[in-house]
Amino acid sequence: FVSDAAGTPITDSYVDVFSEDARTWFQHSRRVAGIPLNAQGRYTVANLPAGDYFVAVSRDLETNEWFDPERLTELRAAASRVTIRENETVSRNITR
């Protein structure tokens, strides 16, 4: 769930989840995902391999820009971190 400081859902943005390992930042990498938020400010990311990831929210992404190493470097500065283990479900709320 992504919301503003008042708790209002944000719906006009993307959640970007990408590996802490910059070597995996390439087109169609399984370790990079850009997911649009739904009308309730919710998102689901599936099929990420186990590992350490950054999670960021961005408003101005173009299609597939979430694979661009320069863009991911920019997003990393404001991202939070999450570790995903094998067969684990992780929930992360984000306040922007």
Peer 1: Would you call P49 and E86 a side-chain contact if the rule is heavy atoms closer than 4.5 Å?
Peer 2: no
Peer 1: At their closest point, which heavy atom of T11 faces which heavy atom of N38, and how far apart are they?
Peer 2: CG2-O, 3.4 Å
Peer 1: If we only count heavy atoms from C-beta on, is the V57 to D16 side-chain gap below 4.5 Å?
Peer 2: no
Peer 1: Compare all side-chain heavy atoms of F54 with those of E20 and state whether any distance is below 4.5 angstrom.
Peer 2: yes
Peer 1: Heavy atoms only: give me the nearest F1-Q40 pair and the separation to one decimal.
Peer 2: CE1-O, 3.2 Å
Peer 1: Just by distance, do the side chain of T73 and the backbone of P69 share a donor-acceptor pair under 3.5 Å?
Peer 2: yes
Peer 1: Within a strict 4.5 Å, meaning less than it, do heavy atoms of the I10 and L37 side chains meet?
Peer 2: yes
Peer 1: For the hydrophobic clusters of this structure (ILVMFWY residues joined by side-chain heavy atoms under 4.5 Å, transitively), does one cluster hold both Y53 and V15?
Peer 2: yes
Peer 1: I need the minimum non-hydrogen distance between R30 and L48, along with the two atoms involved.
Peer 2: O-CD2, 3.3 Å
Peer 1: Main chain of T95, side chain of S3: is a donor-acceptor contact present, judged purely on distance under 3.5 Å?
Peer 2: no
Peer 1: Between I35 and F18, is there shared hydrophobic-cluster membership here, with clusters defined by ILVMFWY side-chain heavy atoms closer than 4.5 Å?
Peer 2: no
Peer 1: Check whether R31 reaches the backbone of A50 with its side chain - one donor and one acceptor, N or O, closer than 3.5 Å.
Peer 2: yes
Peer 1: How close do Y43 and R92 get, heavy atom to heavy atom, and via which atoms?
Peer 2: OH-O, 2.8 Å
Peer 1: Is the shortest side-chain N to carboxylate O distance from D12 to R59 below 4.0 Å?
Peer 2: yes
Peer 1: Can L75 be reached from V2 by stepping across I, L, V, M, F, W or Y side chains whose heavy atoms are under 4.5 Å apart?
Peer 2: no
Peer 1: Within the side chain of T24, is there an N or O that forms a donor-acceptor pair under 3.5 Å with the backbone of D21?
Peer 2: yes
Peer 1: Looking only at non-hydrogen atoms, find the nearest pair between R71 and S58 and report the distance.
Peer 2: NH2-CB, 3.9 Å
Peer 1: Is it true that F67 and W25 have ring centroids separated by less than 6.0 Å?
Peer 2: no
Peer 1: State, with a plain yes or no, whether a side-chain heavy atom of L72 is found less than 4.5 Å away from one of V32.
Peer 2: yes
Peer 1: Distance from I94 atom CD1 to R96 atom CZ, nearest 0.5 Å?
Peer 2: 10.0 Å
Peer 1: Which pair of non-hydrogen atoms, one from W66 and one from A33, has the smallest distance, and what is that distance?
Peer 2: CD1-C, 4.0 Å
